[in-house]
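FYI, side chains are in, hydrogens and waters are out, and symmetry mates aren't considered; it's all heavy atoms of this structure.
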Amino acid sequence: MHLEYKIKPIKAEVRRRLGYPHPRRVPAGVRAEVAIGISLDEIGRARDSDVAYMHNVHPLLDVGWRRTDCLRFLAEHGLADTPKSSCVGCPFHDDGFWFALREHSPQEWADAVAFDRSIRNGSARANADGHPLRGQFFLHRQRVPLDKVQLRPRPQPGEAPGCGPWSCPHGEPVTGDAGHGEVA
């Protein structure tokens, strides 16, 4: 999912901005720099792009900033309420995130519910290519439709790192037992 909904659209947009949309070949030497906001706390997530026409740079690493430095900078500039970035359809959100989204961002909640419904039986593209998936897929760990989940937000001990296009800190998706569905 990470590739389909994050990396592919970013690569397509970079190609478009470079003037070489798919299927045109990007000539050797034509390249865009893409700034990725990974701090020292997440240095293990920093990596370069896998295509020659993009070069990832990490400005927070270059200046040696941790997340606390970023938060202090934002507060000093009147932006203390800036939320962490993440995909609305990330299956690693906790109930606190889902609850806040439902209560304060009804359009994004509706988008997440629609996305959750759309992945129930795998992607249409995979199914069309003859790769049907076993079980069902859900965004929430309870393996029920997102709009049916009994949300129970709990205080979290520490803040988890935010997501970025090439740097989701959560690793591979969690899968369920056969017949019990899977978390996307």
Side-chain angles (χ1 to χ4, degrees), residues 1-18 20 26 28-105 107-109 111-112 115-116 119 137-141 146 151-175 182-184:
M1 198 165 25
H2 181 69
L3 177 68
E4 183 83 16
Y5 295 101
K6 287 169 81 171
I7 295 175
K8 281 185 178 182
I10 289 170
K11 287 179 178 178
E13 179 61 16
V14 168
R15 289 177 66 100
R16 186 190 69 75
R17 289 180 182 218
L18 288 173
Y20 300 94
V26 179
V30 174
R31 176 165 115 153
E33 275 193 355
V34 179
I36 309 292
I38 293 176
S39 66
L40 280 175
D41 312 87
E42 327 171 276
I43 196 166
R45 295 170 52 204
R47 51 183 67 76
D48 201 5
S49 175
D50 62 349
V51 293
Y53 60 86
M54 291 171 56
H55 173 67
N56 294 345
V57 294
H58 304 92
L60 298 176
L61 296 179
D62 293 343
V63 296
W65 278 17
R66 296 189 172 282
R67 180 161 172 74
T68 54
D69 299 311
C70 297
L71 294 172
R72 184 179 59 250
F73 177 85
L74 291 170
E76 288 170 0
H77 290 84
L79 302 168
D81 61 347
T82 303
K84 287 192 282 184
S85 66
S86 67
C87 294
V88 170
C90 178
F92 299 103
H93 290 311
D94 62 19
D95 279 6
F97 176 90
W98 293 124
F99 182 82
L101 192 70
R102 185 183 71 196
E103 299 302 310
H104 305 295
S105 301
Q107 184 56 56
E108 286 183 301
W109 172 253
D111 291 346
F115 179 72
D116 177 64
I119 65 168
F137 289 76
F138 300 92
L139 287 180
H140 198 276
R141 292 185 181 276
L146 189 57
L151 296 173
R152 295 181 181 97
R154 295 182 195 133
Q156 296 299 315
E159 291 204 28
C163 292
W166 286 271
S167 58
C168 187
H170 307 292
E172 291 301 312
V174 178
T175 59
E182 301 182 11
V183 177

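- Put simply, the side chain of N56 gets close to the backbone of R47: a donor and an acceptor are under 3.5 Å apart.
- Considering CD1 of I38 and CZ of R67, their distance stands at 13.0 Å, rounded to 0.5 Å.
- Checking each of R16, K11, R15 against E13 for a side chain to side chain donor-acceptor pair (under 3.5 Å) leaves exactly one that passes, namely R16.
- Scanning all heavy atoms of the two residues, the minimum distance from V57 to P59 falls at O-CD, 3.5 Å.
- Side-chain contact check for V34 versus S49: every heavy-atom pair is 4.5 Å or farther apart.
- Of the possible polar contacts, none joining the R66 side chain to the G64 backbone as a donor-acceptor pair under 3.5 Å is found.
- Rounding to the nearest 0.5 Å places CZ of F73 at 5.0 Å from CH2 of W65.
- The shortest non-hydrogen separation linking A112 to V88 is CB-CG1, 3.5 Å.
- C90 SG to F115 CZ: the interatomic distance, rounded to the nearest 0.5 Å, is 10.0 Å.
- Rounded to the nearest 0.5 Å, atoms CG (L151) and NE2 (H140) are 5.5 Å apart.
- Of the possible polar contacts, none joining the H58 side chain to the L40 backbone as a donor-acceptor pair under 3.5 Å is found.
- Between L18 and A32, the closest heavy-atom pair is CD2-CB, 4.1 Å.
- Using cut-offs of 30° and 60° for the angle between ring planes, the W109 and W98 rings count as perpendicular.
- F97 CZ to S86 OG: the interatomic distance, rounded to the nearest 0.5 Å, is 4.5 Å.
- Taking 4.5 Å as the limit, some side-chain heavy atom of D116 sits within range of a side-chain heavy atom of F138.
- The structure places CD1 of I119 at 4.5 Å from CG of L139, a figure rounded to the nearest 0.5 Å.
- A donor-acceptor pair is defined here as one N or O able to donate and one able to accept, closer than 3.5 Å; no such pair exists between the side chain of H104 and the backbone of A100.
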